[in-house]
Amino acid sequence: GTKKYGDWSEELTVYLPEWDETTGDSDEQLDNVEWSIDEGGTLYWSNGNVNEDGYSLEDEIPWYDQKDKIKNAVIGEGVDYISDYTFMYCENLETITISDGVKSIGSFAFWGCNNLKSINVATDNPNYISTDGVLFNKNKTEIVIYPSAKEGKYAIPNTVTAIGENSFRECRKLSDLVIPDSVTTIGAYAFYDCTSLLNVTIPKSVKEMDYCGLGLLFSKGEKDDKIK
């Protein structure tokens, strides 16, 4: 229901200004979300949570109408979670900086962010860690999100035992991937639409691979020739 969050989405169309900095700290907004976009294209999201149910509802994402302005995003300590579709279609977004207060991140949080190059996490965050811009769980046993615009080859660290669902989804610039023998699980749609990733070696250690774990990477009839 659209009634659940009151009339905040209607207020959004009123407060969108023409000046260089746009702010969104109205009490009418969902969960008292506080945010701003500066003239350089950095979104500062300092407090409150959006899109609680994780559905792709544009009126639950307060900056959606200005998504094309966002080049960088800084998530403050007052944000508990980044749910699915929170940054959907922010096609100019290149970097995300996540505070130590974020407890959960949806696998579709950055849906359609085709220029995302780096996800950075505060060192004190108890739930997540980032290395070279790639997002992992804290103990680095699961790869959570690989930024879609990272190019070339990538070797998954040998601490990883699980490749999370959608973790490499739409990483169209990824050309080669090394999966270590430590990996035992590959989540659903992990490699969906990785159009430049032509050869994948699945180690014998993998015991569980969810439906479309290889992301329909290859058309029927070609799959067995390209997966080793």
OG of S107 to CG of D84: how many Å apart, nearest 0.5 Å? 5.0 Å
Partners passing salt bridge (charged side-chain N to carboxylate O under 4.0 Å, His left out) against E165 (at least two apart in sequence or in another chain): none
Test of understanding: with side chain to side chain contact (heavy atoms under 4.5 Å, CB included), list the residues that count as partners of E151, not counting sequence neighbours. K173
Would you mind listing the cluster partners of Y44? Hydrophobic ones only (ILVMFWY), side-chain contacts under 4.5 Å, chaining allowed. V74
Pairs of donor and acceptor atoms involving the side chains of residues 175-184, under 3.5 Å and at least two apart or interchain, shall be tabulated with distances.
from: S175; atom 1: OG; to: G152; atom 2: O; distance (Å): 3.2
from: S182; atom 1: OG; to: N158; atom 2: O; distance (Å): 3.0
from: S182; atom 1: OG; to: V160; atom 2: O; distance (Å): 2.6
from: T184; atom 1: OG1; to: T161; atom 2: O; distance (Å): 3.3

All side-chain hydrogen bond (donor to acceptor under 3.5 Å, both in side chains) counterparts of T131, not counting sequence neighbours: K140
Taken in chain and number order and not counting sequence neighbours, the residues that satisfy ring-ring contact (aromatic ring centres under 6.0 Å, His included) with Y146 are Y154, F168
Apply side-chain hydrogen bond (donor to acceptor under 3.5 Å, both in side chains) to D132 and list each qualifying residue two or more places apart in sequence or on a separate chain. none
side-chain hydrogen bond (donor to acceptor under 3.5 Å, both in side chains) against S167, all qualifying residues, sequence neighbours excluded: none
Residues two or more places apart in sequence or in another chain: which of them pass side chain to side chain contact (heavy atoms under 4.5 Å, CB included) with N127? K103, N125
Considering residues at least two apart in sequence or located in another chain, which fulfil the side-chain hydrogen bond (donor to acceptor under 3.5 Å, both in side chains) criterion with N120? S118
Contacts of type side chain to side chain contact (heavy atoms under 4.5 Å, CB included), residue A149, not counting sequence neighbours: K117
Pairs flagged by ring pair (Phe, Tyr, Trp, His ring centres under 6.0 Å) wherever residues 114-133 is involved - sequence neighbours left out: none
